[in-house]
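Written out below as structure tokens is the structure these notes cover.
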Protein chains: 2
Amino acid sequence: MQGNTRQPLTADAWAEAALEIIAESGFDTVAVEPLARRLGVTKGSFYWHFANRQALVQAALEQWERRETDEVLARAAQERDPRKRLARLFREADGSRRAGRLYLALTGAIENHPIQIVVRRVMDHRVEFLRECYAAMGLSAGEAWQRAILAYSVFLGTLQLRRDAPEVIPAEDEFHEYMHFIGEMLIPGYTRELMRADGSTNS
Amino acid sequence: MQGNTRQPLTADAWAEAALEIIAESGFDTVAVEPLARRLGVTKGSFYWHFANRQALVQAALEQWERRETDEVLARAAQERDPRKRLARLFREADGSRRAGRLYLALTGAIENHPIQIVVRRVMDHRVEFLRECYAAMGLSAGEAWQRAILAYSVFLGTLQLRRDAPEVIPAEDEFHEYMHFIGEMLIPGYTRELMRADGSTNS
DNA sequence: TCTAGACCATACGCAAGCGTATGGCAACCT
DNA sequence: AGGTTGCCATACGCTTGCGTATGGTCTAGA
């Protein structure tokens with residue numbers, strides 16, 4: 001059936017597949033044997049690459065944390081204007097559906113201790129990043145905290161709403177309106193031009 | 001060890017215990033045999049009350065939905081002023097820690113279809129309730145929708161933040177300040193008196 | 001060609017959980 | 001007293017997944 005010339009699997013490929021499963025059907029459905037079947041091999045392969053199931057989870061979490069912090073925040077940090085940084089974050093958060101599902105799936109298994117560690121670290125980084133954005137806009141320390149926490153709460157809640165009850169968020173057009181509404185609420189001095197990809201203000 | 005005169009268990013008691021487990025350690029840790037051990041009986045008891053594990057889940061979900069919608073929303077609906085209704089909702093949402101954990105644990109297992117049904121229904125009810133509050137304040141239909149979705153997103157996100165990274169939400173005093181901040185952001189025409197339990201405005 | 005190592009299959013023992021079958025026991029009715 | 005019914009214990013077979021042990025194959029290098 002699979003006539004391709006089997007190139008050997010790497011540990012990263014296993015971790016990647018594990019993240020795939022987590023995003024699809026939750027963390028605790030990550031099992032060695034089904035995963036092996038999915039990859040077209042058997043357990044024998046798995047236990048050559050990993051000591052046990054926990055090691056796979058660890059590798060998957062490390063891969064996730066790397067992608068999540070390094071890529072997302074690093075790209076947003078290029079933007080000079082803090083308002084544009086925020087707008088860009090909101091835009092990208094709306095984008096990658098798969099990343100959102102994966103994030104929620106991980107927090108959904110927060111009773112697992114390794115997951116708890118990593119999720120908390122990622123959250124801290126992101127809230128701190130938001131706080132710095134608001135602080136750079138001249139807000140006081142207390143206000144920056146409040147705004148950062150509120151903004152991240154909105155992010156988390158929107159993720160969950162879109163996953164669990166997508167029909168309450170009307171349609172494409174209204175959603176774009178809603179994004180502007182969020183911008184007005186969360187970014188002091190918001191203008192609609194901030195949400196444009198190029199970020200041109202032509203004032 | 002348990003010297004009490006064993007009064008027989010009811011199906012509701014099993015469902016209640018199942019919800020307890022879900023709130024503690026997640027949905028998929030609900031297993032018949034451990035649950036029986038926890039209640040001091042064996043499987044024999046369980047399979048007298050329920051046909052199978054799925055029936056237990058169903059009963060637990062029904063019990064949860066009843067409590068969640070009937071009790072919470074019905075009490076809030078007594079408040080006449082829509083602004084006070086909203087403030088009361090926010091206050092109570094902050095309160096019951098256990099209910100929040102349970103809610104998140106259920107949404108964390110949303111890939112389970114029965115759970116998906118019930119969670120979606122509860123979400124719809126709540127968002128609709130919020131929307132009516134905003135509409136009663138004179139907002140347009142579109143604005144009421146946007147506000148309702150935003151408010152519910154903040155609710156969900158705050159729940160998750162408090163569970164997964166409680167240290168980012170500073171302390172008791174600052175949190176009360178933060179609650180007022182949320183009130184100002186989410187309730188047009190907010191005054192601090194709205195958050196008082198008695199709701200007195202003494203204007 | 002011989003060998004070592006990378007990669008994987010197969011087969012086994014073990015534990016946990018589901019569901020069933022059946023028996024026990026107390027309360028209550030008649 | 002005998003029978004019925006509600007509630008539970010015990011014992012069994014089955015499945016799934018974990019981890020181990022061991023052997024096979026393919027390739028690169030000496």
Side-chain angles (χ1 to χ4, degrees), chain A residues 1-61 63 105 108-109 111-115, chain B residues 1-61 63 105 108-109 111-115:
Chain A
M1 192 42 88
Q2 54 201 49
N4 49 2
T5 51
R6 274 187 176 298
Q7 49 187 356
L9 292 173
T10 67
D12 270 348
W14 282 94
E16 175 61 36
L19 290 177
E20 196 95 16
I21 297 269
I22 293 175
E24 284 177 14
S25 46
F27 170 74
D28 34 87
T29 65
V30 176
V32 173
E33 284 159 327
L35 196 55
R37 282 194 291 272
R38 186 184 178 114
L39 291 176
V41 292
T42 65
K43 302 195 304 182
S45 171
F46 176 84
Y47 283 101
W48 193 90
H49 292 286
F50 296 94
N52 48 32
R53 195 194 108 117
Q54 185 184 331
L56 169 68
V57 169
Q58 199 61 41
L61 286 176
Q63 189 169 322
E111 67 273 0
N112 179 292
H113 200 241
I115 292 187
Chain B
M1 194 39 91
Q2 55 200 52
N4 50 0
T5 50
R6 273 185 175 294
Q7 49 187 355
L9 291 174
T10 67
D12 271 348
W14 282 93
E16 175 61 36
L19 290 177
E20 196 94 16
I21 297 270
I22 294 174
E24 284 177 14
S25 45
F27 170 74
D28 34 272
T29 64
V30 176
V32 173
E33 284 159 329
L35 195 55
R37 282 194 290 274
R38 186 182 176 115
L39 291 175
V41 292
T42 66
K43 301 196 303 182
S45 171
F46 176 84
Y47 283 100
W48 193 90
H49 291 285
F50 296 94
N52 47 32
R53 194 196 108 118
Q54 185 183 331
L56 169 68
V57 169
Q58 199 62 42
L61 285 176
Q63 190 169 323
E111 67 273 0
N112 179 293
H113 200 242
I115 292 186

Compare every heavy atom of A/A51 with every heavy atom of A/A55, then report the nearest pair and how far apart it is. CB-N, 4.1 Å
Whole Å only: how far is the CG atom of A/L35 from the P atom of D/dT16? 17 Å
Integer-rounded Å distance: C/dC18 P and B/E33 CD: 6 Å
Choosing from D/dA9, C/dC8, D/dC8, which nucleotide comes nearest the side chain of B/T42? D/dA9
Between CG of A/D28 and P of D/dT16 the distance, given in whole Å, is 17 Å
What's the shortest heavy-atom distance between B/P114 and B/Q58, and which atoms? CB-OE1, 3.9 Å
State, to 0.1 Å, how close A/F50 and A/A11 come at their nearest heavy-atom pair, and which atoms those are. CZ-O, 3.5 Å
To the nearest angstrom, how far is B/R53 atom CZ from C/dT20 atom C1'? 18 Å
Between A/R37 and D/dG17, does any side-chain N or O lie under 4.0 Å from OP1 or OP2? yes
Atom pair distance, as rounded to whole Å: CZ in A/F46 and P in C/dC8: 13 Å
Tell me, which of residues 14-26 of chain A have any heavy atom that sits under 4.0 Å from an atom in DNA chain D? none
For A/F50 and C/dC7, what is the distance between atoms CZ and C1' respectively, to the nearest whole Å? 14 Å
Donor-acceptor list for residues 14-27 of chain B side chains, cut-off 3.5 Å, not counting sequence neighbours:
| from | atom 1 | to | atom 2 | distance (Å) |
| --- | --- | --- | --- | --- |
| B/E16 | OE1 | B/Q63 | NE2 | 2.9 |
| B/E16 | OE1 | B/R67 | NH1 | 3.0 |
| B/E20 | OE1 | B/R98 | NH1 | 3.2 |
| B/E24 | OE1 | B/R38 | NH1 | 3.4 |
| B/E24 | OE1 | B/R38 | NH2 | 3.4 |
| B/E24 | OE2 | B/R38 | NH2 | 2.7 |
| B/S25 | OG | B/I21 | O | 3.4 |
| B/S25 | OG | B/T29 | OG1 | 3.1 |

Looking at residues at least two apart in the chain, or sitting in another chain, which of them share a side chain to side chain donor-acceptor pair (under 3.5 Å) with A/E111? none
Let's see if you can work this out: which of D/dC18, C/dG17, D/dC8 has an atom nearest to the side-chain heavy atoms of A/A31? D/dC18
Between D/dT5 (P) and B/H49 (NE2): distance, integer Å: 18 Å
If you take all heavy atoms of B/H49 and B/L9, which pair is closest and at what distance? CE1-O, 3.0 Å
When you measure from the side chain of B/P8, which nucleotide among D/dG17, D/dC8, C/dC8 comes out closest? D/dC8
Flag side-chain contact, heavy atom, 4.5 Å: B/L56 against B/F46: yes
Would you kindly give the CH2-to-C1' distance between B/W48 and D/dG6, to the nearest whole Å? 5 Å
